[in-house]
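One structure below.
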Amino acid sequence: MVLHTGWKASLSEVYAGGCGAVHPGLALGIPRLALSVIAAGNVAFVGLIGREVFDRPTGVLAAGITLLTPFFLFISATFMSYAPTMLLNLMFAFGYIRMHRQRRRRYAMLAGGAIGLSFFSRPYSAVLFATPFVVHALSVAFVAIRNQNDWQPLMEREAVVALFGLGGVSVALAYNGIVTGNPFLFPYQVFAPLDGLGFGFRRLTGPGLWYTIDLALQANTQLVIELLSQWTFAAPIGSILAVLGLIPVVLHQHESNNETSLPDWELRMILSAVFVSVIVGNIYFWGTFNILGAVTDTTDGFISKLGPYYHLDLILPLSVFAVQARFGSDERSDRRPRNTPQRRQHD
């Protein structure tokens, strides 16, 4: 069974490294308490991010949709790394948003630390989720430097994110060095050298197969179809609502009244870009084929039991945009009152 591309020595280590919430459950002799804490954290952060993207009612309803999404419930009930990694990714997103809007370094530390731990837990998932945010950070930094517009404090905050994030990468490389003797050799590669990213001959156990571009596109197309038609909130209604909520964001830019380096429309574009980075990026990983079993048989493979767990991070945009479609228009959200960003540069 392929669990993920950065699998560590044991599930308990992944949970301990991926989310400190495991410790109260272990201390109380109730390890499943960790599952509830992590699931609650994921629901809460979807709500908090939904509030930032649109408004408070959107955040509340998005949290509710997350709680009622089938594959979120299935994955949240398992001792695997997907749910805690999702929590870390959501913490990163929330910290990044608040860093720009509140202009405080504490949120930069939260964002960097969370994505660093996410990389330690599931490196490729962290990279795919963070890519739209990294692109935004680079573009904002370029514009700020070019315009000489209050660029130094912004660069300092982005540097904090990068520093803490690279700290997590360093921990992962150090872990690899201790366990395998090579910082760039992940433990799963010792167990299964032909597992992981890329096209070509792939094998976990058994005879293996050639993972070609054609096979990757076929498998991932089927996987996305199953995700949208069977595993979202009230499928396929939740998927249809998410598409309807996404269309206004993609078709035209909405002017924002909030004075910030991350206005509403840009944030919505980042969130919509998560769809692209996660779906396209997972084509390069043969595990998406591996979980399907027989590609065209929806009752076969790990996906039939747990859902499309490699795409768990899509719950965030699916939930938020589904709610916005329910409201019928995002103009109301653009007119909502916002707190003026604080001018304070340091905590």
Side-chain angles (χ1 to χ4, degrees), residues 1-20 22-23 26 31 34-35 38 75 78-89 113-131 164-213 215-216 219-220 223 277-278 281-293 301-303 305-306 308-313:
M1 178 178 179
V2 178
L3 291 179
H4 61 78
T5 60
W7 192 251
K8 303 301 177 185
S10 69
L11 289 171
S12 61
E13 289 181 6
V14 171
Y15 256 65
C19 183
V22 71
H23 299 298
L26 293 177
L35 302 179
I38 292 169
I75 294 301
T78 63
F79 285 100
M80 294 193 291
S81 65
Y82 307 102
T85 303
M86 176 186 174
L87 176 59
L88 291 168
N89 287 339
I115 202 62
L117 286 175
S118 177
F119 184 89
F120 177 77
S121 178
R122 286 184 48 78
Y124 196 51
S125 293
V127 170
L128 295 184
F129 185 86
T131 294
F164 276 73
L166 291 175
V169 174
S170 300
V171 170
L173 297 180
Y175 178 92
N176 293 342
I178 294 172
V179 174
T180 68
N182 183 346
F184 300 99
L185 182 66
F186 286 86
Y188 79 90
Q189 294 174 301
V190 177
F191 169 72
L194 295 177
D195 186 20
L197 300 174
F199 304 108
F201 187 75
R202 292 292 166 207
R203 178 175 63 198
L204 183 59
T205 59
L209 57 84
W210 284 93
Y211 187 62
T212 63
I213 295 177
L215 180 59
N220 280 269
L223 189 149
S277 63
V278 172
N282 271 299
I283 295 174
Y284 194 59
F285 175 43
W286 88 294
T288 53
F289 166 82
N290 206 32
I291 69 170
L292 286 173
F302 296 118
I303 191 173
K305 307 298 182 184
L306 298 173
Y309 43 82
Y310 290 122
H311 294 68
L312 188 64
D313 289 326

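When reading the values below, keep in mind they use all heavy atoms of this one structure, side chains included, and skip hydrogens, waters and symmetry mates.
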Going from [atom1] on [X] to [atom2] on [Y], what distance comes out if it is rounded to the nearest 0.5 angstrom?
X: Asn220; Y: Trp286; atom1: CG; atom2: CH2; result: 13.0 Å
X: Thr180; Y: Phe186; atom1: OG1; atom2: CZ; result: 9.0 Å
X: Asp195; Y: Arg202; atom1: CG; atom2: CZ; result: 7.5 Å
X: Phe285; Y: Tyr310; atom1: CZ; atom2: OH; result: 4.0 Å
X: Phe184; Y: Asn176; atom1: CZ; atom2: CG; result: 9.0 Å
X: Phe164; Y: Leu166; atom1: CZ; atom2: CG; result: 11.5 Å

Legend entry - Shortest non-hydrogen separation from Asn89 to Ser118 and the atoms involved: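 Reported closest heavy-atom pair: OD1-OG, 2.7 Å.
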
Inset, instruction - Determine the minimum heavy-atom distance between Pro187 and Val179, stating which atoms define it. - result: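 Where Pro187 meets Val179 most closely, the heavy atoms are CG-CG1, 4.1 Å.
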
Inset, instruction - For side-chain contact (heavy atoms from CB on, under 4.5 Å), just list the numbers for Leu88 and Ile115, CA-CA rounded to whole Å, side-chain angles, deciding distance to a tenth of an Å, and then say yes or no. - result: CA-CA 6 Å; Leu88 291 168; Ile115 202 62; over 6 Å; no

Inset, instruction - Would you check if the side chain of Tyr124 reaches a backbone N or O of Gly196 as a donor-acceptor pair within less than 3.5 Å? - result: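 Side chain of Tyr124 to backbone of Gly196, a donor-acceptor pair under 3.5 Å: no, none is there.
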
Legend entry - Side-chain donor or acceptor of Thr288 paired with backbone N/O of Asn282 under 3.5 Å: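 Yes, the answer is positive, given that a donor and an acceptor are paired below the 3.5 Å cut-off.
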
Legend entry - Any donor-acceptor N or O pair under 3.5 Å, side chains Ser121, Ser81: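 Per modelled atom types, Ser121 and Ser81 side chains form no pair under 3.5 Å.
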
Inset, instruction - Kindly indicate, with the supporting measurements, whether the criterion side-chain contact (heavy atoms from CB on, under 4.5 Å) is fulfilled by Leu128 and Asp313. - result: CA-CA 9 Å; Leu128 295 184; Asp313 289 326; over 6 Å; no

Inset, instruction - On the 0 to 90° scale, with breaks at 30° and 60°, tag the Phe199-Tyr211 ring pair as parallel, tilted or perpendicular. - result: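 Phe199 vs Tyr211 ring planes: parallel.
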
Inset, instruction - Give the C-alpha distance, both sets of side-chain angles, the deciding distance and a yes or no for side-chain contact (heavy atoms from CB on, under 4.5 Å) between Met80 and Leu306. - result: CA-CA 11 Å; Met80 294 193 291; Leu306 298 173; 3.5 Å; yes

Inset, instruction - Determine whether Thr78 and Tyr309 make a side-chain contact, defined as any pair of heavy atoms from C-beta on separated by less than 4.5 Å. - result: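 The answer is no, as the side chains (C-beta and beyond) never meet within the 4.5 Å cut-off.
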
Legend entry - 4.5 Å side-chain heavy-atom contact, Phe119 and Val127: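 They are in side-chain contact.
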
Inset, instruction - Let me see the working for Phe289 and Leu209 under side-chain contact (heavy atoms from CB on, under 4.5 Å), right down to the final yes or no. - result: CA-CA 11 Å; Phe289 166 82; Leu209 57 84; 3.1 Å; yes

